Every structure is written in C-alpha cells, then in structure tokens.
Amino acid sequence: MLSPKLQAILCNTAVATIILCDEIHNFQSSFAMSTRHERDNFRKHPSGHQKRLKQDKKKQYLLKQHGAFDKFLRETSILPNAENTIENNDGGKEIQNNNSDNSMESDKLINENKLGTQSDMEIQAIVSDICDESDHIIIDDEQLIENKYGEVEIQNINSDNSMESDKLTIENKERIQSDMEIQESVSDIFDESNIIKDDEKNMFSEFDDIGCWPVNISQNIRTEIIKCGPKKVFDFEFPKNELNRKFNVSYYNRVMSNGEIINRVWLVYSISKDAVFCFCCKLFRTSLPSNLNNRSGLVSEGISDWKHLSEKLFEHERTSAHNQMVKTWMELKIRISTLNTINKQHLSQIEKEKKHWRDVLVRVLAGIHYLAKYNDAFRGSSDVIYTEHNGKFLGYIETLAKFDPVIIEHVKRIKCKETHDHYLSHDIQDQLITLIANKIQKRIVNVIQKSKYYSVMMDCTPDVSHQEQLSLIIRVVDMDIDNEHSDPIIKEMFMEFINVESTTGLNLTNVLLEKLKNNNIDINNCRGQCYDNGANMKGQYKGVQARIKTLNSRAFFTPCAAHNLNLLLGDLSKSSTKAISFFGVVQRIYCLFSSSTGRWDILKKYCDLYTLKPLSETRWECRVNSVKALRFQLPSVIEALEEVSNTTNDPKTKSEAHSLVINELNSYEFVISLVIWYEILVEVNVVSKSLQSINMHLEVSISMLKGLIQFFEKYRNSGFHSAKITANKISEDLDINKEFKKTRKRVKKSHFSYEGPDNSIEDAELKFKYDFFNAVIDQALNSMNERFLQFNTFNNNFGFLYEIGQLKNMNNEDLMKNCKDLQNILSDGDSKDIDSIELYEELTILRNIIDDSKTALQILSLLKKMMGSFPNTYIALRIILTIPVTSATAERSFSKLKIIKNYLRNTISQDKLSKLALISIENKIAESLDYNDIIDIFASQKARKKTF
C-alpha cells in the first residue's frame, strides 16, 4: 500500500502525463492536416509552408508546457490563503491539516494513471537536479496538492511532529523560492528575448520613473536598473488628490519606537502615476506569488491612497515575499558589483568587445573632427582601404594602422573578413558628422535660450555651383550663470548655411522665422538685426528688417558699419575725376605685372617689402593694400617698369610701361595724391577692422565713428599741407619736379550779353586742392553723416548708460526722462523689458559706486557678481551689448564656404555643407565635446549590429 504522499505525487504526475499526451496527439494531427495537398505526397522534403507550420506548432506546444512542473518544486503562494492557514500563539502562520477530502481523489487518479508514474518520476528527478546542490529540499510526511485557486499548498500528514514539520516547510519554501528565481535568471540570460533591442535602449530614459516600467523586464535591463538603483523624488511639488492629500517624502523613512529612523530604500514615488511602488517587488514581479502580485498595489498599479499609506507600507514590508525580494535584489546587486554573475565570462567577453568598438569609434570620430576642422576632403575615388586614391579619411586610418593596436586589430578583422561592420564607409562618416554638428548646434541653442535676448545677422553670397547661400548668425551676451566667477562674453555663433531660391525680403524673412521656430527660439526675444545695405535687407517697407519689426518692434535694425565704411570709400573714389584717375593708374600697374610671369619676376626683384594688390568693390582692405605697396615702394616700382620697358619686345607692353613711368608716376600730382589717399585709407581701415570685432558694441563703435568724423574735419584744415611736405620728400628722392600741372584755360562762349565771365581758378595748386582734396574730404563727411544716422539714434536712446559713472553730473530730472524714454523703447504693447522708476532708483545708487572709466561690459560683469541687486540695469546693459554693429561674422563664414565647397567638391549636399561649416567655424565648441556621448547616440542607432 502506497503512502498518501506518494499517492498524491503519482496522481498529479499522471494528470500532467495525460495533458502531455493530449498535446502531442493534437500536434501530430495538426501537422498531418498540413499535408492535405496531393502534390505534397510526392515531395522528397517538407515544403517551406509545412516547416513554418511545424515550427509554429512547436512554439505553441512549448509555450503551453512552460511551467507545467513548477508546482512540483515550489509553492507559488508564499502567503497561504486564509482557508488553509491558522495563526499560532506566537502570531505566526501554520499550515492546516486538510488532506481528508483529497485522499479519495488521489487514490482514484493513481489507479487510472499507473502507467505514467515511472516516466513522471524520472522527470521529477531531472528537474530536482537543476536546483542548487547545497540546498536540499526536505519534505517529510508532506504532500503537494492544488487548492481551489490552482495554487500548490503543502499539507501535513503526520500530526505528531507538526511543529518541526511546519518549521522545515517554511525554510524549504524559502529555499525553493530562491532556487526557482535563480533558474528563472539563468533562463532569462540565455533567452533570445533578453538581447537589448533598440526599443529597450530607448526605454532606459524612462526607467527613472518606476511607473513607466514594462510588465516583462528582461535580465539585461534588470541588471542596468539595479546598477542605477532606485530613483527617489524629493524636490518636486507633489499633486493633491480629491481629499486634498498628497505624498510626503517622510514616507521614505520608518520611525521606530525608540526614535531611530530606518530608510525604506525600496520605496519609490512615480511622477507619471502619482503613486508609490516597491522597487524590488516590481523589479522581480515575475518571481512573486500570484496572490501577492494581484493584491499588493505596490507591485502592480502603485498606491496613491495617502490616508492609509502608512498602514499599507507597514503591512507590505512585513510579508515574507517582500523580504525575499529584498534579499534577491541585494544578492544580485552584490554579484553585479563584483562581476560574479552566472554569465560572468559571457559578460566579460561582451565588455571586451564593447571596449574594442568604442575605441575604434573614438579614433574614427577624432579623424572626422580633424578633417572637418581644417576643411579637408574626406573621400577619394575609392572607398576601399589600402587602395589608391581612397581619400584622406581612409589614409588616416591606414596611418593609424601602422602603430595603433586598436586600429591594427580592426584592420586585421576587415582583411580576414571577420566582420562586415567596419564603420569606415562614407555613410558612417556622414552620420558621425551629423551627430557632431547636432551636438554643437544643441549647445548653441542652449546658450541662446539661457541668454534670452539675441540679435540676428544674415548675408547672402553665391557659391561655386551658382546657388545662393544664406549665412545665419546669432549674437548673444553669454552670462554663464552656472559659473559665478566668470565674466560675461559676447558671442556671435554660426547656425547654418541655407540654400535660398529667392532673395526677396519676404522669402528671406520666412526662412529666418522658420529656422528660429525649428530651434525653439522666440522671435519676441530678438533685440537686434544687422544686415548689409541691400534693398532686400534694409528696405524701409518690404525689407527683412521692416518685416521683422512688424512682428517685434524691439528688434532694432543696425546697418553693417563695415559695409558702410566700404561704401564710404567707394563714394570717395568716385568723388572727382582725379580720384577716379588715380585708382585707374593703380589698377593699370597691377595688371601690367600680373599678366606675365616674367614681368612679375621683375617686380619681385625690385619690390621685396609689399606685393601689389588688385582693386575690388567688395574686399574692404583692397584699396589700402594697393596704395600701401606703392606708397612705400614707389622708386622700386618705377625701376621695375623701366626694366620692363627696356627688355620687352611687345610694343603694347613697352608703350604701357613707358607711359606709366613718364606720364603718371613721375607726376607730382600722383605723388601727393598717393600720400593723401594712404593717410585717409589707413584711418578708415583702422576703424573698420575694429568694428569687425565680435566684442564690439554700440558704446565703443559710436565713439570710434565720432573719432573718424573728427579726423576728417581736422584733416580738411591741415591735411593738405602735411601731405605736401611728405610728397616733397618723395619727389626729391625721385628727382620729380614739384609742380602741379597747369591746364589750358577754357574759354566759354557767351550766348547772352548779361552773362558774366567765368572766374576760374588759375593757380594749379589751389585748383588741385579744390577739385581733388576738398571734394574727397567733403564727400567723406557727408557720407558719414548719412550712412551712420542710425547710430546717432542709438546714442540718443542708450547713450546715458554707456558710462554710468558719469551720470553723477546729470540732474535727476534728465535722468528720469531718459529712463522713461528707454522704457517706452523697450516696450511692445503690455510687454516691457524694464521699469523706468526702478531703473532710475538703481542708477542713482550705481552712479556713485561705478568708476567713470568703466565700460558697459565691465559694469555688466560687476552687476553679475552683485547677485541681482540691480536687475533693471542688468537687463538694459544686456540688451545694449546684444545689438550688433557689423555683420562681419557672416562675411567670415563665406571664407569657409569657399574652402569647403570648392570646384572639386561642388556636388556636396546642402546638409553636409552646413554641418561641416558648423564644425569648422565653431571649432572651440567641437573641441569640448565628449566623444562618449556621441558614441552612445550612435550605438542606440546601431545596437542591432554591434554593442558599444
């Protein structure tokens, strides 16, 4: 006669055997039906459809059989139901003896299933061997049966030793639970579904919030979560529920009866769910008993009942299931930290491979960054390594392969065809260029958003492929709020090149607004615009500046001062016939020598200090450089022309050289014109180059323009006399007659008797002064007043803030009036940047603190360290410094455009052109980038190929 325990085991084994036979029978019948077509009877091998059906059936069968024997090894409910448990005197749980009803059913099932007993016992032995050898399961006089909920319970047969049996049973249940968790961890590690896919990579950012965790968490993700640990929320405004209650951070701790505070490390608040969860129980949710998984809100949906939260937390942390999960969490955490996990060798190999690919990508990124920084081409006619003409990038890799161990190993794998993913193709290069440029642009946008106020600068130019390229520049005052000890810095940052099909004011305005919107930059925070003097840009009604001002009246327009000075020189060069003739002679000299290499060699033989330069309408320094070479090398140039005239056989060249020497360069008027033009051009060039500086602002620019006007006024009175003295010295060295050319007196015929005679100037020197010198200077003064009228407006509006230290000489009424005017200017409807009364009160204090010599930028640096004591002055100075003076940064970006998109690379895409220009122009930001961040982004895109 078999014991009741053995009968129960045989009974349950027989039931499982019957289910197994039924599944096998169903599988065989379903597989037989798949061959119903007559043509399948003549197949030598199964068709693809039949193979797929067979594989699907196997998967369904295995899924149905998954966990079929778990009930023989562990108890799925660590907390027994109330029907099967009673409390002892100590408050503990004992398992109730309740086998009388099940004995009859067990005997009946045993008699029906004797044939399957032996095989099931073998399966039972195999499964028991899987468990840890050190944890022996001792079940004396107990049997495993199913309750009405389908859960496995342990019942005591022998009532004589119930206390010892119950104690062993509880220990065995804990051991069985731990062993089955280890088995699940092992199965998870080698399960294909545990490979971290792209979706799982994207989920890591959501794992900070426990409420966003998925129901099924793979072993790899579970490992990463344990490495990060529970994320507690502290600095957060917790929302209130309907009962006007909310979560409090005090729940993170438990106060003991003796006053000690115990940290509930496992308790985590979810912002998305507005509920609390148990970190370890939710993390190992699949290992929890089903009754606790369904009953405990800390595991499934969280608890948001703040009124009874203390009671529920106290009840949860006393359960044995929770304590077991805490133990499992801590053990796995220790194993991860000590690299003592089950798949230690596998993980170490993964880490080694991961490090290799990261090292490869670091070197690839360094090469891309270097080539982009210096505007070099990447590709050649071949994209294969160790072939001719394969470009500079692959050449860089070949050079590293001579000595760098990482690239040596990588190239060896490529040669031996051990890997197909070498990450050296031009597509990968473009992707990495995009990642670097996006990182740079993200930093630029971040600086703009932190600075709040900004200005816009734009300019257009055609490229080598005859496409119109628009350069977009943003100017800000970077306060670097995170660093209290740093000084404010004026930055002009390149955004991108934009290919525009139309250069009308409407189209350029729409392009600008679209780009600002894409980068989340508010147009209402724009405080300045700076463009060249094109009608499409500065047009009063339909220009870009006018259209932007209709959207934001505080976007003050400034015409580029450097462009205006260049136009000023253009006006001067055309102010008189003698001025036009002078620059014509200069250009003739350059063309004569540059049209022949032999004549250029003659020029270099005599002129070794400066080189002759051609004239240009757009290059701002061309005139001063052309005149400078003649001013200090005039005797050498004359000697070179004489040698050309004597040695050349070309009649035209001989005549041209002889004419320049005799009729032009040996003329006293040319010598004095050369001296006058050089002195004027030098002064204008000094101001122009100073205005092109990024740190230039309104205060300094207005003072420099005023100084230039004063120079012209002073030079008009005394400049001709000083120029004549210098010209006399040069003429003496060259033996030039110091006389002005006398022209024939023109007799004008009188048509009427009442016409008086013309009082023409007969003195040649005086005529030269009036016709040339005075005409040039007067044109300069007129152009200065017309072209820089906007700067006078800025000076009237913001001038009292340029030197705050000098406000002590201003009476209070005038100061108050200036503050009110500034408030009106910096207001747009109900929005205003400053308050006039508060600004007045701040300035009355500041004018007694600030030194008279302090500039606006120095005062702003001082205000930053005062921790917001003068907020209105702080804002006003930032706006003043944000307004640009020139658009020279946009012009400088065109230099990069011509280098990157040259005649050999004229088919480069617009996106790649813009990103390469961004890396090259903003190379300081590119130098500060962390390659690991870029590799992480790249790895999230390529996770299915390699692990980085």
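Quick caveat, the model's predicted, so the values are computed rather than measured.
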**Request:** Kindly compute the distance separating CE (Met458) from CG (Leu470), expressed to the nearest 0.5 Å.
**Result:** 5.5 Å
**Prompt:** Distance-only, no hydrogens or angles: does the Asn797 side chain make a donor-acceptor pair with backbone N or O of Thr793 under 3.5 Å?
**Reply:** yes
**Item:** CA sep, side-chain torsions, deciding dist, call: Lys549, Gln529, side-chain contact (heavy atoms from CB on, under 4.5 Å)
**Value:** CA-CA 9 Å; Lys549 290 195 74 173; Gln529 308 175 71; 3.6 Å; yes
**Message:** salt bridge (charged side-chain N to carboxylate O under 4.0 Å, His left out) for Glu669 and Lys741? Distances and angles first, verdict last.
**Reply:** CA-CA 8 Å; Glu669 290 185 359; Lys741 291 182 180 180; 5.8 Å; no
**Prompt:** Do side-chain atoms of Asn796 reach the backbone of Asn792 as a donor and acceptor pair under 3.5 angstrom?
**Reply:** yes
**Request:** Assess the side chains of Ser887 and Asp459: does a donor N or O sit below 3.5 Å from an acceptor N or O?
**Result:** no
**Asked** Short question: side chain of Ser690, backbone of Val686 - any donor-acceptor pair under 3.5 Å?
**Response** yes
**Item:** Audit row: Thr558, Phe791, side-chain contact (heavy atoms from CB on, under 4.5 Å) steps and yes/no
**Value:** CA-CA 8 Å; Thr558 306; Phe791 286 88; 3.7 Å; yes
**Request:** Applying salt bridge (charged side-chain N to carboxylate O under 4.0 Å, His left out), run through Lys373 and Glu922 and close with a yes or a no.
**Result:** CA-CA 9 Å; Lys373 178 181 178 181; Glu922 301 296 337; over 6 Å; no
**Request:** Please check if atom CD in Glu501 has more than 12 non-hydrogen atoms from other residues, nucleotides or ligands closer than 6.0 Å.
**Result:** no
**Message:** Students often mix this up, so state it plainly: with edges at 30° and 60°, are the rings of Trp600 and Tyr590 parallel, tilted or perpendicular?
**Reply:** perpendicular
**Prompt:** Between Met784 and Leu568, which heavy-atom pair has the shortest distance, and what is it?
**Reply:** SD-CD2, 3.7 Å
**Prompt:** Heavy-atom count around Phe632 CZ within 6.0 Å, excluding the residue itself: above 12?
**Reply:** yes
**Message:** More than 12 heavy atoms of other residues, nucleotides or ligands under 6.0 Å from NZ of Lys706: yes or no?
**Reply:** no
**Message:** For a quick test of reading the model, state the closest non-hydrogen atom pair linking Gln469 to Phe497 and the distance between them.
**Reply:** OE1-CB, 3.8 Å
**From CA spacing to verdict: ring pair (Phe, Tyr, Trp, His ring centres under 6.0 Å), Phe798, Tyr802** = CA-CA 7 Å; Phe798 301 102; Tyr802 292 160; 7.5 Å; no
**Request:** Would you tell me whether Ser471 and Ser893 have side-chain atoms, one donor and one acceptor, within less than 3.5 Å of each other?
**Result:** yes
**Prompt:** So does Lys896 have more than 12 non-hydrogen atoms from other groups sitting under 6.0 Å from NZ?
**Reply:** yes
**Request:** Return the orientation label for the Phe393 and Tyr396 ring planes: parallel under 30°, perpendicular over 60°, tilted otherwise.
**Result:** tilted
**Asked** Will you find, in the side chains of Asp911 and Ser909, an N or O donor that is under 3.5 Å from an N or O acceptor?
**Response** no
**Request:** Inspect the surroundings of NZ in Lys912 and state if more than 12 heavy atoms from other residues, nucleotides or ligands are less than 6.0 Å away.
**Result:** yes
**Asked** Taking it one step at a time, do Glu621 and Lys613 satisfy salt bridge (charged side-chain N to carboxylate O under 4.0 Å, His left out)?
**Response** CA-CA 10 Å; Glu621 294 186 42; Lys613 300 292 184 181; over 6 Å; no
**Request:** Dump the intermediate steps for side-chain contact (heavy atoms from CB on, under 4.5 Å) on Tyr531 and Lys538, then the final yes or no.
**Result:** CA-CA 7 Å; Tyr531 316 122; Lys538 74 167 188 176; 5.9 Å; no
**Request:** Please report the shortest heavy-atom distance between Leu918 and Ala437, naming the atom on each side.
**Result:** CD2-O, 3.4 Å
**Complete:** Separation between OG (Ser914) and CD1 (Ile498), nearest 0.5 Å, reads 7.5 Å
**Request:** Please confirm whether the backbone N or O of Leu881 pairs with a side-chain atom of Arg475, one donor and one acceptor, at under 3.5 Å?
**Result:** yes
**Asked** Does the side chain of Ser575 pick up a donor-acceptor pair with the side chain of Gln779 at under 3.5 Å?
**Response** no
**Prompt:** Phe582 vs Trp677 aromatic rings, parallel, tilted or perpendicular, using cut-offs 30° and 60°?
**Reply:** parallel
**Message:** If we count only N and O atoms by modelled type, under 3.5 Å, do the side chains of Ser688 and Gln692 hold a donor and an acceptor together?
**Reply:** yes
**Complete:** Note: Ser626 and Leu615 closest approach over all heavy atoms is OG-CD2, 3.6 Å
**Item:** Nearest heavy atoms of Val661 and Asn666, plus distance in Å
**Value:** O-ND2, 2.8 Å
**Message:** Looking at Thr882 and Ser455, would you say the former's side chain and the latter's main chain have a donor-acceptor pair under 3.5 Å?
**Reply:** no
**Asked** So, Asn375 versus Ser920: side-chain donor-acceptor pair below 3.5 Å or not?
**Response** yes
**Request:** Give a yes or no on whether the backbone of His563 and the side-chain of Arg787 come within a donor-acceptor separation of less than 3.5 Å.
**Result:** no
**Message:** Under the criterion side-chain contact (heavy atoms from CB on, under 4.5 Å), I'd like the reasoning laid out for Phe712 against Asp778: C-alpha separation, chi angles, the key distance, then a yes or no.
**Reply:** CA-CA 8 Å; Phe712 282 119; Asp778 291 343; over 6 Å; no
**Item:** Thr726 side-chain N/O to Ser722 backbone N/O, donor-acceptor pair under 3.5 Å
**Value:** yes
**Request:** Could you tell me if the ring centre of Phe773 sits under 6.0 Å from that of Tyr715?
**Result:** yes
**Message:** To check you understand the geometry: which heavy-atom pair defines the closest contact between Tyr668 and Lys724, and what is its length?
**Reply:** OH-CG, 3.4 Å
